[in-house]
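Throughout, a chain's letter reflects where its sequence line sits, starting with A, and its residues are numbered from 1. Atom set for the values below is all heavy atoms of this structure, side chains included, hydrogens, waters and symmetry mates excluded. In this text the structure is predicted, and so the values were computed from the model without any measurement.
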Amino acid sequence: MSTEREHAAYDFAYVQEKWLPIWDTLEPFKSGRADDARPKKYVLDMFPYPSGDLHMGHAEAYALGDVIARYWIQKGFNVMHPIGWDAFGLPAENAAIKRNEDPRIWTYENIATQKASMRRYACSFDWDRVFNTCDPEYYKWNQWLFTKLHERGLAYRKNSAVNWCPGCQTVLANEQVVAGLCERCDTAVTKKKLNQWYFKITDYADRLLDDMSELEGKWPEKVLMMQRNWIGRSQGANVQFVIEGRTEPVTIYTTRPDTLYGATFMVVAADSALAAELAHGSAVEPEFTAYLEKIKAASDIDRLATDRPKSGVDLKRFAINPVNGEKLPIWASDYVLADYGTGAIMAVPAHDQRDLDFAKAMKLPVRVVVETGEEDPQATGIATTGDGKIINSGSLNGLSKADAIAAINKQLEADGLGKSARNYRLRDWLVSRQRYWGTPIPIVHCEKCGEVAVPDSELPLLLPDAKGLDLKPKGQSPLAAATEWVNTKCPKCAGPAMRDTDTMDTFVDSSWYYLRYPSSTNATEPFNRADIDTWLPVDQYVGGVTHAILHLLYSRFFTKVLHDMRMLSFTEPFTRLLNQGMVVMDGSAMSKSRGNLVRLSDELENHGVDAIRLSMVFSGPPEDDVDWSDVSPSGSVKFLSRAWRLSGDVTSASGVDFTTGEISLRKATHKALNDAAFAVESFRFNVAIARVMELVNATRKAIDSGCGPADPAVREATEAIAIMLSLVAPFTSEEMWERLGHKPAIATAGWPIVDPKLLVADEVEAVIQINGKIVDRMNVSPSISDTEFESAALALPTVIAALSGAAPKKVIARAPKLVNIVL
RNA sequence: GCCCCCAUAGUCCAAUGGCAGAGACAGAGGACUUAAAAUCCUUCCAGUAUCGGUUCGAGUCCGAUUGGGGGCACCA
């Protein structure tokens with residue numbers, strides 16, 4: 001039946017309503033049927049946090065992930081493109097407190113909302129694999145993995161000065177402190193001495209760093225750079241200094257052992273145990289204690305100010321320089337960090353700016369031991385850190401920096417006074433949180449047996465009901481108030497014991513979720529090895545750069561741990577990574593308070609799903625930010641209706657023999673298919689769309705003023721356009737496909753085979769240059785040889801005239817494009 | 001302070017070391033129309049931030065400078 005509506009202008013709202021139920025029945029994105037012989041591909045979008053409905057950022061991310069997933073399906077792969085929800089976390093808990101209800105309600109409501117929106121957005125997800133991290137069926141395995149890490153000594157508790165967010169009333173991992181502020185709520189982070197659970201990620205620092213070589217060229221350079229920076233490996237030496245009046249020597253860490261003769265004092269971190277010990281019982285103790293109180297009160301923000309004047313206390317104690325026996329005064333200062341290296345340094349003011357600033361403030365001597373050709377640091381106040389000739393340094397004199405480092409390391413090692421050493425900026429991952437809405441830590445504290453892991457048979461250890469618990473942040477986990485839950489018996493001795501009341505950082509949940517999708521309903525193991533071997537590692541991961549060090553580093557760590565546990569055969573989880581940019585408005589991030597928030601639902605209402613997807617993908621390279629003020633969704637609508645109209649103009653029958661079609665349009669079609677595929681595979685989606693636009697223009701022209709609508713080439717071109725558009729405009733392309741006489745779903749129609757013969761032009765216009773300047777052009781066969789090409793060029797009248805009998809110095813022929821004659 | 005990335009038309013962006021423009025937005029003009037919308041057609045616009053180098057040939061490679069963005073930051 002031909003309704004009036006079908007002949008009317010392209011109606012996106014009608015088309016959207018029409019196809020959704022049909023796709024629900026066809027389920028074109030189901031992956032991994034048993035009889036599926038196609039090669040496999042795992043395309044993964046970072047799973048969302050269910051805070052409200054989808055926004056513009058989601059719309060961009062899922063549009064991009066969809067292009068990739070849908071492309072590989074068209075290319076004949078069995079694609080798994082799953083989705084789930086990262087559903088534990090503070091926003092749910094805060095909403096629950098505000099609304100005075102269980103966080104489960106808010107969370108599962110939002111999941112339902114987002115899921116419905118994703119369906120309307122026509123995301124190519126395999127809906128059979130969905131799970132939420134707050135489902136007990138999922139977090140059971142979080143707990144199981146925790147106990148395995150505990151068994152291996154990779155999960156441990158320690159007392160330490162930790163990052164504390166007064167806003168969220170919980171501790172934070174180092175990775176969650178951004179410029180001294182809480183990543184989530186922007187409150188200034190303070191320090192607190194607490195006993196907390198850690199994952200020993202530092203054990204994996206070298207492997208996390210070194211294995212990045214296999215990600216080179218497959219992950220954005222920026223992310224690799226950020227991770228390298230974050231791990232922050234430094235190569236140096238540990239050197240022992242004898243302390244007067246102390247039996248044990250003190251070890252310092254330095255990256256510049258070549259400047260050992262230039263040390264004029266020693267500095268220990270004021271908040272270290274060593275500083276307290278050195279000050280203890282001496283005349284300076286009151287002064288030291290006062291100083292310590294002062295710096296403890298300072299926030300991280302104060303600490304981070306780089307131009308802060310140096311401060312410290314002279315401990316009136318002395319260290320002996322092992323190379324020359326000099327007595328060096330020992331100072332305590334907050335510019336030395338207690339938890340990096342050994343918490344003590346040798347100060348070489350001539351060649352380290354911080355030491356120089358301190359020396360100037362405290363009127364301590366400066367001694368140059370490297371001649372760099374720069375001015376005297378003492379006079380300029382600028383430390384000289386470059387290479388040069390070593391001076392004033394005994395046997396090292398005359399050596400270069402590198403040679404001196406090698407020589408002194410060798411000497412120190414021989415004398416038993418030191419050796420080369422490495423240090424990392426990376427700290428162990430603090431995983432306990434004092435909040436309710438997370439995975440309970442599966443540990444029981446028994447007076448007799450100590451820390452005892454909850455046995456596998458008792459997992460999942462369910463979160464107690466929120467009813468009756470006060471979820472308000474108060475610095476202690478709300479679970480502590482669930483006395484019935486807390487008081488238990490020891491799994492080992494059956495004596496009275498108490499449960500750990502903290503929950504896990506939600507980044508634990510997301511560190512292994514990608515392993516769960518292939519067997520998302522498995523009740524007996526976190527993931528099935530056979531399924532893993534089939535699908536993993538993830539072929540293509542898509543997500544925001546905000547996770548460059550948090551989630552992506554933790555996931556790499558988990559993968560390596562699981563590999564060591566012989567549960568995985570690979571050591572890197574994500575083979576390729578694409579980081580999409582943000583969606584911004586007028587150059588800045590969208591926010592309600594800034595008043596530049598664009599609502600996704602409004603945009604979808606006004607322009608339709610396909611136009612929004614197209615605008616996102618066409619706006620520029622995927623890793624660039626999309627500035628919504630620069631894009632034209634109405635331009636996208638215009639293009640889509642232009643493409644759609646072609647499908648109504650085709651008059652040849654479905655199945656017509658394309659090979660009889662008009663040749664120039666056929667060539668344009670095959671070139672577009674070829675170029676668009678290449679562009680998609682190299683993440684230049686905007687270029688791929690430009691190729692489709694070109695073909696739409698060419699087809700329009702062919703219909704209106706060329707071979708006419710009945711030519712088979714017009715059908716071939718229009719079908720190719722529909723299939724290429726299916727990556728980004730699922731509704732429009734499906735509608736075109738039907739008008740062209742095909743059955744749904746176009747998503748599985750298959751990418752047309754490109755005929756290489758149609759990619760070759762009959763003739764190429766070659767450029768003739770003299771001294772790099774264009775003087776003439778000529779048409780040549782694309783298969784012309786360099787020598788033929790060269791002689792044809794030299795025979796051109798313009799060239800003969802220009803040469804006027806002289807022989808060219810050199811002729812460069814690049815058949816069939818260009819000849820350059822050098823005179 | 002250290003490290004990384006980027007700079008092409010009014011705007012967003014293309015160009016395996018080989019004719020700077022693929023595509024789009026905005027602008028201008030025209031066709032169709034009683035008119036408008038829609039549609040179709042045509043058209044305008046830079047010599048690639050600056051300086052230097054390598055090369056037969058540089059937007060592309062190398063070095064410096066300027067401007068913008070990002071990461072780390074008292075990590076010895």
Side-chain angles (χ1 to χ4, degrees), chain A residues 9-10 178-180 220-234 236 252-256 259 267 269 303-308 310 333-337 339-348 351-355 357-358 382-383 385 423-427 545 548-549 587 614-615 618-621 623-627 629-636 638-639 641-642 645 672 675 678-679 684 686-697 700-701 704-705 765-774 777 808-814 817-823:
Chain A
Y10 176 60
V178 179
E221 193 48 46
K222 185 181 169 184
V223 174
L224 296 178
M225 210 53 239
M226 283 166 76
Q227 292 212 358
R228 284 198 184 98
N229 234 324
W230 187 259
I231 296 167
R233 179 161 71 193
S234 94
I252 61 97
Y253 174 72
T254 177
T255 53
R256 292 294 303 275
T259 62
V267 187
R303 275 185 75 93
L304 286 169
T306 46
D307 48 1
R308 209 160 58 100
K310 292 279 182 288
S333 172
D334 64 347
Y335 88 90
V336 171
L337 305 177
D339 58 351
Y340 181 80
T342 61
I345 62 150
M346 67 170 190
V348 184
H351 308 295
D352 182 285
Q353 191 59 47
R354 297 153 301 186
D355 296 346
D357 293 343
F358 192 83
I382 299 163
T385 54
N423 265 304
Y424 304 88
R425 226 191 57 89
L426 182 71
R427 305 294 148 84
V545 74
I549 32 193
L614 178 67
S615 300
F618 183 56
S619 73
E623 56 275 11
D624 288 6
D625 284 352
V626 176
D627 195 324
S629 61
D630 288 332
V631 309
S632 168
S634 56
S636 297
K638 202 170 112 183
F639 165 68
S641 26
R642 203 168 136 83
R645 228 177 299 120
D675 291 359
F678 179 68
R684 285 146 54 242
N686 52 329
V687 178
I689 290 167
R691 294 290 98 85
V692 183
M693 287 174 168
E694 249 176 302
L695 186 59
V696 167
N697 293 341
R700 182 78 261 153
K701 201 166 250 173
D704 292 348
S705 57
E765 193 186 45
V767 174
I768 314 303
Q769 298 180 331
I770 290 181
N771 289 338
K773 299 240 160 35
I774 296 159
R777 289 154 199 277
K809 228 187 252 170
K810 197 172 177 183
V811 181
I812 289 113
R814 291 277 179 276
K817 284 159 91 179
L818 166 143
V819 178
N820 188 15
I821 298 155
V822 187
L823 295 184

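B/C61: Watson-Crick or G-U partner is B/G53, with both key distances under 3.5 Å. Within the shown strands, B/U66 is the pairing partner of B/A7 under the Watson-Crick or G-U definition, both distances less than 3.5 Å. Pairing partner, B/U39: B/A31, with both Watson-Crick or wobble hydrogen-bond distances short of 3.5 Å. Pair check for B/G47 finds none; no Watson-Crick or G-U wobble contact set falls under 3.5 Å. B/C2 is paired with B/G71 under the criterion used here, namely a Watson-Crick or G-U wobble arrangement in which both key atom distances are under 3.5 Å. With a cut-off of 3.5 Å on both pairing distances, the Watson-Crick or G-U wobble partner of B/G23 is B/C12.
No engagement by A/Asp355 is indicated, since no non-hydrogen atom pair under 4.0 Å with the nucleic acid exists. Using a 4.0 Å heavy-atom cutoff across all strands shown, A/Phe618 reaches at least one base atom of the nucleic acid. In this structure, A/Arg684 reaches the sugar-phosphate backbone alone: every heavy-atom distance under 4.0 Å involves primed, P, OP1 or OP2 atoms, never a base. Counting non-hydrogen atoms under 4.0 angstrom, A/Lys817 reaches a base of the nucleic acid. Contact annotation for A/Asn423: no contact, since no heavy-atom pair falls under 4.0 Å across all strands. At the heavy-atom level, A/Glu221 lies nowhere under 4.0 Å from the strands shown. Contact annotation for A/Ile252: no contact, since no heavy-atom pair falls under 4.0 Å across all strands. Among the heavy atoms of the strands lying under 4.0 Å from A/Ile812 is at least one base atom, whether or not backbone atoms are also near. Nucleic acid contact for A/Gln353: none, since no nucleic acid atom lies under 4.0 Å from a heavy atom of the residue. Nucleic acid contact class of A/Arg233 (heavy atoms, under 4.0 Å, all strands): none. Residue A/Lys638 is classed as a sugar-phosphate contact, given heavy-atom separations below 4.0 Å to backbone atoms only.
For the P atoms, the distance from B/A22 to B/U43 is 13 Å, rounded to whole Å. When the C1' atom is compared between B/A9 and B/A24, the two are found 13 Å apart, to the nearest whole Å. As rounded to the nearest Å, B/U8 and B/A49 have C1' atoms that lie 10 Å from one another. Straight-line distance between the P atoms of B/A26 and B/C3: roughly 44 Å, to the nearest whole Å. With C1' as the reference atom, B/G27 and B/C44 are 8 Å apart, rounded to whole Å. Here the separation of B/G63 from B/U16, taken at their C1' atoms, is 25 Å to the nearest Å. Comparing B/A7 with B/U65, their C1' atoms are spaced 14 Å from each other, to the whole Å. When the P atom is compared between B/A15 and B/C51, the two are found 25 Å apart, to the nearest whole Å.
Side-chain contact between A/Phe618 and A/Ser636: absent, with no pair of heavy atoms (C-beta onward) separated by less than 4.5 Å. Taking the side chain as every heavy atom from C-beta outward, A/Asp355 and A/Tyr335 approach each other to under 4.5 Å. Residues A/Asn697 and A/Arg642 form a side-chain contact, since some pair of their non-hydrogen atoms from C-beta on lies under 4.5 Å apart. For the pair A/Lys817/A/Val767, no side-chain contact is recorded, criterion being any heavy-atom separation below 4.5 Å from C-beta on. You'll find the side chain of A/Val822 stays beyond 4.5 Å of the side chain of A/Pro808, heavy atoms only.
Distances were taken from every side-chain heavy atom of A/Lys810 (C-beta onward) to each of B/G70, B/C56, B/A76; the shortest belongs to B/C56. Here B/A76 is the nucleotide among B/A76, B/A22, B/A14 with the atom lying nearest to any side-chain atom of A/Leu337. Each of B/A76, B/G18, B/C40 was ranked by its minimum atom distance to the side chain of A/Gln769; first place goes to B/G18. In this structure, of B/A14, B/C41, B/C74, it is B/C74 that holds the atom nearest to the side chain of A/Tyr335. Here the nucleotide nearest the side chain of A/Asn697, chosen from B/A76, B/C40, B/G23, is B/G23. Checking B/A76, B/U42, B/A24 against the side-chain heavy atoms of A/Ile345 singles out B/A76 as nearest.
For A/Asp630 and B/C12, a side-chain-to-base donor-acceptor distance below 3.5 Å is absent, hydrogens and geometry of angles not being considered. Put simply, the side chain of A/Arg777 and the base of B/C19 share a donor and an acceptor less than 3.5 Å apart. Applying the 3.5 Å distance criterion, the base of B/C74 shares a donor-acceptor pair with the side chain of A/Lys310.
Distances shorter than 4.0 Å separate some side-chain N or O of A/Arg645 from OP1 or OP2 on B/C40. One finds a side-chain N or O of A/Asn686 lying less than 4.0 angstrom from the OP1 or OP2 phosphate oxygen of B/A14. Using a 4.0 Å cut-off, some side-chain N or O of A/Ser234 falls inside it from OP1 or OP2 of B/A76. Taking 4.0 angstrom as the limit, A/Tyr340 places a side-chain polar atom (N or O) nearer than this to OP1 or OP2 of B/A76. Taking side-chain N and O atoms only, A/Arg425 has a distance below 4.0 Å to OP1 or OP2 of B/A73. A close approach under 4.0 Å does not occur between any side-chain nitrogen or oxygen of A/Arg642 and OP1 or OP2 of B/A38.
Between A/Asp352 and A/Arg256, none of the side-chain N atoms (NZ, or NE/NH1/NH2) sits under 4.0 Å from a carboxylate O, so this pair counts as no salt bridge.
Each of A/Ile549 and A/Arg427 was assigned the nucleotide of RNA chain B with the nearest heavy atom; the assignment lying further toward the 5' end belongs to A/Ile549. Each of A/Pro621 and A/Thr342 has a nearest nucleotide on RNA chain B; the 5'-most of these lies closest to A/Pro621.
Between A/Tyr340 and A/Tyr253, the ring planes are perpendicular. Angles over 60° get that label, and only those under 30° would be called parallel.
A distance of 3.5 Å separates CE in A/Met346 from OG1 in A/Thr254, rounded to the nearest 0.5 Å.
Computed from coordinates, the A/His351 NE2 to B/C74 P distance equals 23 Å when rounded to whole Å.
Evaluated for a side chain to side chain contact (heavy atoms under 4.5 Å, CB included) with A/Ile821, the options A/Val811, A/Asn771, A/Ile812 yield exactly one hit, A/Val811.
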